[in-house]
Student: 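Let me give you the structure first, and then I'll get to my questions.
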Amino acid sequence: PHQWRGVIEEYRDRLPVTPDTPVVTLGEGGTPLVRAQVLSERTGCEVYLKVEGANPTGSFKDRGMTMAISAAKEAGAQAVICASTGNTSASAAAYAVRAGMVCAVLVPRGKIAPGKMGQALVHGARILEVDGNFDDCLTLARGLSERYPVALVNSVNPVRIEGQKTAAFEVVDALGDAPDLHLLPVGNAGNITAYWKGYREYAADGVASRTPRMWGFQAAGAAPIVNGKPVASPQTIATAIRIGNPASWRLAEEARDASGGLIEAVTDRQILSAYRLLASREGVFVEPASAASAAGLLAAAEAGRVEPGQRIVCTVTGNGLKDPDWAVSGAPQPITVPVDADTAAKQLGLG
Ligand code: F0G
């Protein structure tokens with residue numbers, strides 16, 4: 001029986017590791033590529049969801065973190081630091097535990113989903129809530145890593161991108177070739193950069209016959225790449241992508257342009273609508289930011305901009321359990337009943 005070994009062992013020959021690299025892993029990667037029935041119907045395409053919430057800490061960040069923490073350990077680091085909107089910190093905290101390292105985390109005060117804060121806490125990270133946004137946290141984290149013996153594990157660290165590119169490998173390995181179109185949410189813009197790198201490497205080596213067009217989606221209130229200028233005070237309910245000055249801005253534009261793709265904005269209303277559709281019609285529970293890819297696909301399809309017959313992959317980046325408040329609010333509430341079969345049957349509409 002085959003046990004998935006984590007992205008470093010599965011893709012060792014395509015990653016910057018040596019036989020001496022201490023592999024710090026939680027078995028990340030190998031996530032489901034699920035056929036999306038409703039999205040396929042609505043677009044006339046063959047649509048798949050790459051369900052990254054199935055990773056060990058519930059987001060795609062684990063792919064990059066296994067690389068970043070392994071590299072930090074190899075370099076002899078005893079402590080790591082990151083800025084985060086929540087998922088990077090949850091992942092860093094967990095992998096730091098595996099490596100026996102101290103993890104420091106800088107998050108924007110009051111803007112972290114409760115599940116993510118719980119993860120950083122339970123893994124024993126040292127957490128600072130910064131009076132500022134993610135971009136301020138990243139500036140602080142960079143400065144601290146330059147002045148103190150603490151390794152920066154944000155996606156400005158190139159080994160993070162190396163780990164995250166394995167998601168593109170998995171898509172090609174599962175489908176037999178690259179899709180026509182790949183959609184994903186864009187925040188700090190590391191992940192679109194990573195997928196594009198992965199797709200290009202497979203195409204260059206002939207594993208795939210082509211690369212997909214890359215479509216990225218920012219939240220309308222936090223859409224610096226779309227607007228062409230930084231957003232000083234980014235706003236969106238999708239807190240994971242509440243970022244006004246993405247570190248990988250230029251690389252994201254390069255992925256967009258070289259692939260013949262686009263980066264556009266979706267409103268919070270479109271994000272929440274796609275979030276509910278994914279949960280109620282596809283059976284896939286994601287966090288709001290993750291739904292930006294599906295929201296972008298639906299908006300483009302409604303505008304007649306999605307050619308039917310294509311093979312399309314939407315990455316859904318994080319697990320819905322991280323931010324459960326959005327699932328509860330606006331949904332029909334449970335009904336209280338006594339221990340009585342007739343009442344229960346009536347309330348359930350059974351007869
Ligand atoms: N989706 C989720 C669930 C995320 O957590 C993030 C980023 C993104 C999408 C955007 O990915 O930054 O590579 O463009 N979260 C980072 C964090 C910023 O700190 O957890 P990106």
Side-chain angles (χ1 to χ4, degrees), residues 50-55 57-65 68 81-94 105-108 111-113 115-117 119-120 125 127 130 133-138 141 152-157 160-161 163-165 167 183-197 214-219 222-226 234 236-253 255-256 263 266 271 274-275 278 285-296 314-323 326:
K50 182 65 171 158
V51 184
E52 290 290 276
N55 275 296
T57 78
S59 85
F60 70 96
K61 304 290 181 180
D62 295 343
R63 295 178 183 278
M65 209 51 75
I81 190 168
C82 65
S84 185
T85 57
N87 281 324
T88 297
S89 47
S91 186
V105 159
L106 306 179
V107 296
K111 300 294 183 186
I112 299 297
K116 302 174 188 178
M117 182 60 88
Q119 289 179 286
I127 306 170
V130 178
N133 58 34
F134 169 84
D135 308 286
D136 301 316
C137 293
L138 185 54
L152 186 66
V153 295
N154 280 106
S155 58
V156 295
N157 178 338
R160 274 276 313 277
I161 303 293
Q164 285 174 211
K165 78 184 178 187
L183 294 82
L184 71 179
V186 173
N188 210 28
N191 211 27
I192 191 170
T193 301
Y195 270 88
W196 179 236
K197 186 162 200 285
M214 304 297 298
W215 284 14
F217 293 92
Q218 302 194 293
I225 300 176
V226 181
T236 170
I237 58 101
T239 53
I241 53 172
R242 188 174 167 275
I243 293 173
N245 192 11
S248 298
W249 186 323
R250 298 284 162 252
L251 293 169
E253 288 181 335
R256 175 195 66 191
I263 297 177
V266 284
I271 288 172
Y275 164 85
L278 288 175
F285 184 28
V286 304
E287 64 169 288
S290 304
S293 55
C314 289
T315 296
V316 284
T317 44
N319 197 299
L321 293 169
K322 286 176 173 276
D323 200 358
W326 289 104

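Counting starts at 1 for both ligands and their atoms, in listed order. Predicted model only: the values in this text are computed from it and were never measured.
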Student: Minimum heavy-atom separation for L138 to A247, with atom names?
Tutor: CD2-CB, 4.0 Å
Student: Distance to 0.1 Å, residue and atom name: give those for the protein heavy atom nearest to atom 8 (C) of ligand 1.
Tutor: I241 CG2, 3.6 Å
Student: Could you check atom 5 (O) of ligand 1 against the protein and tell me its nearest heavy-atom contact, residue, atom and distance included?
Tutor: N87 ND2, 2.8 Å
Student: Work out which heavy atom in N154 is nearest to a heavy atom in A141; give both atom names and the distance.
Tutor: OD1-CB, 4.4 Å
Student: S84 versus ligand 1: do any nitrogen or oxygen atoms come within less than 3.5 Å of each other?
Tutor: yes
Student: Please check if the side chain of R160 supplies one atom and the backbone of V153 the other of a donor-acceptor pair under 3.5 Å.
Tutor: yes
Student: Can a donor-acceptor pair be found between the side chains of Q164 and K197 at a distance below 3.5 Å?
Tutor: no
Student: When only distance counts, is G187 in polar contact with ligand 1, meaning an N/O pair under 3.5 Å?
Tutor: yes
Student: When you measure from the side chain of T85 to the backbone N and O of I241, does any donor-acceptor pair fall under 3.5 Å?
Tutor: no
Student: Which residue owns the protein heavy atom closest to atom 15 (N) of ligand 1, what's the atom, and how far is it?
Tutor: K61 NZ, 3.0 Å
Student: Are M117 and V107 close enough, and set up right, to give a side-chain contact (heavy atoms from CB on, under 4.5 Å), and what steps lead you there?
Tutor: CA-CA 9 Å; M117 182 60 88; V107 296; 4.2 Å; yes
Student: Identify the closest protein heavy atom to atom 20 (O) of ligand 1: which residue and atom is it, and at what distance?
Tutor: T88 N, 2.8 Å
Student: Heavy-atom pairs closer than 4.0 Å: do any link ligand 1 to the side chain of I192, the backbone, both, or neither?
Tutor: neither
Student: Quick check: does A189 get an N/O under 3.5 Å from an N/O on ligand 1?
Tutor: yes
Student: So, T315 side chain and T317 main chain: donor-acceptor pair closer than 3.5 Å or not?
Tutor: no
Student: Okay, side chain of D323, backbone of E287: is any donor-acceptor separation there less than 3.5 Å?
Tutor: no
Student: Examine distances only and state if a side-chain atom of D135 and a backbone atom of N245 form a donor-acceptor pair shorter than 3.5 Å.
Tutor: yes
Student: Any idea which atoms of ligand 1 are less than 4.0 Å away from a heavy-atom of V186?
Tutor: 14 (O)
Student: Heavy-atom contact check, 4.0 Å cutoff: does I243 meet ligand 1?
Tutor: yes
Student: Check whether any N or O atom of G190, backbone or side chain, sits under 3.5 Å from an N or O atom of ligand 1, and answer yes or no.
Tutor: yes
Student: Can you report which non-hydrogen protein atom sits closest to atom 1 (N) of ligand 1, along with the distance?
Tutor: T317 OG1, 2.6 Å
Student: I'd like to check which ligand 1 atoms, numbered from 1 as shown, lie under 4.0 Å from a non-hydrogen atom of N188.
Tutor: 12 (O), 14 (O), 21 (P)
Student: Look at atom 18 (C) of ligand 1 and say which protein heavy atom is nearest, naming residue and atom and giving the distance to 0.1 Å.
Tutor: T85 OG1, 3.4 Å
Student: Among all protein heavy atoms, pick the one closest to atom 13 (O) of ligand 1 and tell me residue, atom and distance.
Tutor: N191 N, 2.8 Å
Student: Does ligand 1 come near enough to Q164 that some N or O of the ligand is less than 3.5 Å from an N or O of the residue?
Tutor: no
Student: Walk me through it: do N133 and K111 pass the test side-chain contact (heavy atoms from CB on, under 4.5 Å)?
Tutor: CA-CA 8 Å; N133 58 34; K111 300 294 183 186; over 6 Å; no
Student: Short question: side chain of R242, backbone of T236 - any donor-acceptor pair under 3.5 Å?
Tutor: no
Student: Nearest protein heavy atom to atom 4 (C) of ligand 1, by residue and atom, and its distance?
Tutor: A240 CB, 3.5 Å
